[in-house]
Amino acid sequence: MREGHQGTGPGAITPDGCAVELYSRLPVGAEPDIVAAAVPEGARILELGSGVGRMTHPLLERGLAVTAVDESAEMLERVRGARTICGPIENLDLDERFDAVMLASFLVHTGSVEVRRGLLRTCARHVAADGCVLIQREGSDYHTNLPRERVDPSGFTVRILSADPVGDGVNSVRAEYEFPDAVWTQTFRARPLTTEQFEEALGEAGLAVDRYLTDDGTWVRAAPVRQG
């Protein structure tokens with residue numbers, strides 16, 4: 001397990017505390033449409049942290065070519081129709097460039113600054129000069145007004161139970177997913193980032209915001225900074 005991460009519940013648990021069976025059940029929302037609208041038709045996408053393919057499969061259905069990367073072999077076993085690569089994202093070096101690189105699931109908020117730098121360097125290393133990097137950020141209230149819960153129309157309840165400071169601007173977040181037949185929990189470390197801090201982190205990796213794709217700023221289209 002990664003430091004500060006753990007998970008409970010039926011089935012395999014990944015190094016960052018994610019339960020494979022849980023993620024196989026979670027529905028996908030509007031994210032595939034947001035991504036598809038931000039990239040060229042038929043684009044080659046490098047999906048970093050694909051998990052079981054919750055986003056991968058809808059993107060494939062939209063005619064996009066996806067290379068799915070995850071550090072969990074158990075997660076990747078659930079992916080169908082995409083090229084898969086197993087290994088830590090921050091160490092990835094395929095010697096390839098893609099029309100778009102996607103970093104979803106709030107991975108940019110990892111508690112470790114060094115891991116975050118590695119993630120964003122991987123994005124910059126693999127995006128084409130005229131391509132884009134699509135990043136999912138936490139909402140501004142993600143770590144506040146807790147506990148809170150949301151009942152999904154498909155019949156399960158997700159709760160963010162707590163976000164407790166552990167030092168250096170990092171919180172230990174505890175989430176719970178309750179289904180009629182099973183309960184999973186995940187504890188992970190996350191670093192809230194202001195818009196200024198987020199854009200500064202992009203700049204360190206040679207990236208810059210092209211535009212925010214959603215009104216709440218949670219989806220961002222970034223691009224490589226052109227060298228003068």
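This chain uses plain numbering: 1 for the first residue, then up along the sequence. In this text the structure is predicted, and so the values were computed from the model without any measurement.
For the pair R159 and Y177, the cation-pi criterion (under 6.0 Å, within 45° of the ring axis) is not fulfilled.
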Side-chain donor-acceptor distances from residues 17-28 under 3.5 Å, at least two apart:
residue	atom	partner	partner atom	Å
E21	OE2	R25	NE	3.3
Y23	OH	Q186	OE1	3.4
S24	OG	V20	O	3.0
S24	OG	R78	NH1	2.7
R25	NH1	D181	OD1	2.8
R25	NH2	D181	OD2	3.1

Distance-only donor-acceptor hits, side chain of residues 37-48, under 3.5 Å, sequence neighbours excluded:
residue	atom	partner	partner atom	Å
R44	NH1	R97	O	2.9
R44	NH2	E96	OE1	3.0
E47	OE1	T56	OG1	2.5

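One hydrophobic cluster, built from ILVMFWY side chains closer than 4.5 Å, cannot hold both L76 and V52; they sit in different ones. Taking hydrophobic clusters as Ile, Leu, Val, Met, Phe, Trp and Tyr residues chained together by side-chain heavy-atom distances below 4.5 Å, L60 does not share a cluster with V79. Grouping the Ile, Leu, Val, Met, Phe, Trp and Tyr side chains by contacts below 4.5 angstrom, directly or via other members, places V101 with L92. Note: the hydrophobic cluster containing L120 also contains I89 (ILVMFWY, side chain heavy atoms under 4.5 Å, direct or indirect links). By the criterion of side-chain heavy atoms lying less than 4.5 angstrom apart, applied directly or through intervening Ile, Leu, Val, Met, Phe, Trp or Tyr residues, I85 is grouped together with V133 in one hydrophobic cluster.
Taking each heavy atom of R148 and D141 in turn, the nearest pair found is NH1-O, 3.3 Å. Between G53 and P58, the shortest heavy-atom contact is O-CD, 4.0 Å. Residues P192 and E138 approach most closely at CA-OE1, 4.2 Å, considering heavy atoms. Closest heavy-atom contact between L202 and A208: CD1-C, 4.4 Å. Looking at every heavy atom in both residues, A223 comes nearest to G131 through CB-O, 4.1 Å. V35 approaches M102 most closely through the heavy-atom pair CG2-SD, 3.5 Å.
Rounding to the nearest 0.5 Å gives a distance of 9.5 Å between CG of L64 and CG of D99. Taken to the nearest 0.5 Å, the CD atom of E114 stands 11.0 Å off from the CG atom of L119. For the atom pair CG (D95) and CG (D93), the distance works out to 6.5 Å, reported to the nearest 0.5 Å. Distance check, rounded to the nearest 0.5 Å: OG1 of T122 to CG of L103 gives 9.0 Å. Atoms CE and CD, from M55 and E31 in turn, are 5.5 Å apart once rounded to the nearest 0.5 Å. Atoms CZ and OG1, on R2 and T110 in that order, are 7.0 Å from each other to the nearest 0.5 Å.
In this structure, F156 and F179 have parallel ring planes: the angle between them is below the 30° cut-off, well short of the 60° mark.
Residues forming a salt bridge (charged side-chain N to carboxylate O under 4.0 Å, His left out) with R189 (at least two apart in sequence, or on another chain): E3. D33 meets the side chain to side chain donor-acceptor pair (under 3.5 Å) test with R62; sequence neighbours excluded.
In this structure, R83 and V66 have side chains that are not in contact, with every pair of non-hydrogen atoms separated by 4.5 Å or more. The side-chain heavy atoms of F198 and V108, taken from C-beta on, include a pair separated by under 4.5 Å. Residues F188 and S172 have side chains not in contact (no heavy-atom distance under 4.5 Å, counting atoms from C-beta outward).
Remark: the backbone N or O of S50 is not paired with any side-chain donor or acceptor of R54 at under 3.5 angstrom. Side-chain N or O atoms of D70 include one that pairs as donor or acceptor with a backbone N or O of G51 at under 3.5 Å. Judged by distance alone, with hydrogens and angles left aside, the side-chain atoms of R221 form no donor-acceptor pair with the main-chain N or O of C132 at under 3.5 Å. Judged by distance alone, with hydrogens and angles left aside, the side-chain atoms of Q136 form a donor-acceptor pair with the main-chain N or O of S105 at under 3.5 Å. Distance alone, capped at 3.5 Å, places no donor-acceptor pair between the W219 side chain and the Y212 backbone. Judged purely by atom type and a 3.5 angstrom limit, H5 has no side-chain atom pairing as donor or acceptor with the backbone of M1. Although no hydrogens or angles enter the test, the distance criterion places a donor-acceptor pair under 3.5 Å between the side chain of T194 and the main chain of Q197.
Judged by distance alone, the side chains of T214 and D216 do bring a donor and an acceptor atom under 3.5 Å apart. Checking H143 against N171 by side-chain atom types alone, a donor-acceptor pair falls below 3.5 Å.
Surrounding CZ of R174 are at most 12 heavy atoms belonging to other residues, nucleotides or ligands under 6.0 Å away.
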Show your reasoning for whether side chain to side chain contact (heavy atoms under 4.5 Å, CB included) applies to T195 and R137. CA-CA 10 Å; T195 299; R137 302 169 63 214; 3.4 Å; yes
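Residue pairs satisfying the side-chain hydrogen bond (donor to acceptor under 3.5 Å, both in side chains) criterion with at least one member in residues 160-169, sequence neighbours excluded, are listed as follows: D168-R191. Identified under the ring-ring contact (aromatic ring centres under 6.0 Å, His included) test for residues 60-108, with sequence neighbours left out: F106-Y142.
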